[in-house]
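Computed from heavy atoms alone, side chains included, the values below leave out hydrogens, waters and symmetry copies. Note that the structure is a prediction, hence the values are computed from the model and not measured.
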Amino acid sequence: MSKSLNSEIKFNVQLDENRVPESLTWTAEDGGVNQEETKAIMLSIWDNNSKETLRIDLWTKDMPVDEMKQFFHQTLVAMADTYQRATNDEKMADTMRDFCDYFAEKLELKG
């Protein structure tokens, strides 16, 4: 019988008096990350019971809008790559990447 392993990822959210994130840090010891500061987190969780996606979207009040646009673009590109790996559906992944190119063009993210 194989030994079960655990890996933990932690997020720490410091809030202001209005419960708006002032700072975000994360730790993933297996990945060599310890209390690294970040400006935004997007986390999707599949709820198998309700068959729906639950989300946690957080960003600090000092997250620059231009960086948020870049963050969204890179997240969309990563989702297309993950979709292809998970489903082997290259055609739809390429369609998603076409949208990512359109998104970047409209936001003038690519030169």
Side-chain angles (χ1 to χ4, degrees):
M1 188 157 76
S2 66
K3 183 179 177 184
S4 178
L5 301 175
N6 271 338
S7 183
E8 188 171 71
I9 300 171
K10 295 180 185 179
F11 298 98
N12 188 329
V13 182
Q14 184 177 1
L15 304 171
D16 69 9
E17 64 277 355
N18 296 315
R19 303 193 59 77
V20 175
E22 283 191 319
S23 71
L24 301 168
T25 58
W26 68 293
T27 298
E29 290 180 7
D30 287 355
V33 178
N34 187 24
Q35 290 296 311
E36 287 291 322
E37 188 174 329
T38 187
K39 296 287 182 189
I41 298 168
M42 295 174 88
L43 180 65
S44 297
I45 301 164
W46 179 248
D47 184 327
N48 195 49
N49 293 325
S50 63
K51 303 293 188 228
E52 65 181 344
T53 301
L54 307 175
R55 295 187 357 238
I56 299 172
D57 301 324
L58 298 170
W59 59 93
T60 60
K61 55 186 170 185
D62 65 342
M63 172 76 168
V65 172
D66 61 327
E67 288 182 20
M68 182 61 88
K69 291 176 181 181
Q70 196 173 2
F71 177 57
F72 264 84
H73 177 255
Q74 291 176 9
T75 300
L76 292 169
V77 170
M79 288 175 65
D81 294 343
T82 301
Y83 178 82
Q84 183 173 352
R85 283 194 318 274
T87 65
N88 257 349
D89 186 345
E90 187 172 345
K91 186 175 180 181
M92 184 53 70
D94 286 342
T95 300
M96 292 170 70
R97 289 184 190 99
D98 288 344
F99 172 75
C100 292
D101 290 342
Y102 172 81
F103 186 90
E105 179 184 321
K106 291 298 179 187
L107 293 179
E108 299 177 352
L109 295 177
K110 292 184 178 179

Close side-chain approach of Phe11 to Leu24, heavy-atom, < 4.5 Å: no
Partner of Trp59 under side chain to side chain contact (heavy atoms under 4.5 Å, CB included), chosen from Met68, Glu67, Met42: Met68
Heavy-atom neighbours of Glu29 CD exceed 12 at 6.0 Å: no
Residues, nucleotides or ligands: over 12 heavy atoms within 6.0 Å of Glu52 CD: yes
Phe71-Val33 co-clustered via ILVMFWY side chain contacts under 4.5 Å: no
Heavy-atom side-chain proximity of Leu15 to Pro21 below 4.5 angstrom: yes
Residue from Glu36, Lys10, Gln35 passing side chain to side chain contact (heavy atoms under 4.5 Å, CB included) with Thr25: Gln35
Atom of Ala93, atom of Ala80 and distance for their closest heavy-atom approach: CB-O, 3.7 Å
Met79 atom CE, neighbour heavy-atom count above 12 within 6.0 Å: no
same_hphob_cluster(Trp46, Leu43) at 4.5 Å side-chain heavy-atom cutoff: no
Beyond-backbone contact of Asp62 with Lys39, side-chain heavy atoms, under 4.5 angstrom: yes
Separation of Met96 CE from Asp101 CG (nearest 0.5 Å): 12.5 Å
Distance, nearest 0.5 Å, that separates CG of Leu109 from CZ of Phe72: 12.5 Å
Joint cluster assignment, Leu107 & Val65, ILVMFWY side-chain distance < 4.5 Å: no
Joint cluster assignment, Ile45 & Trp26, ILVMFWY side-chain distance < 4.5 Å: yes
Spacing of CD belonging to Glu22 relative to CG belonging to Asn18, to within rounding of 0.5 Å: 9.5 Å
Side-chain heavy-atom pair Asn34, Thr27 within 4.5 angstrom cut-off: yes
Main-chain N/O of Phe103 paired with Lys106 side-chain donor or acceptor, under 3.5 Å: no
Single hit among Gln14, Lys61, Glu37 for side chain to side chain donor-acceptor pair (under 3.5 Å) with Ser23: Gln14
Cationic N near anionic O, under 4.0 Å, Asp94 to Arg97: yes
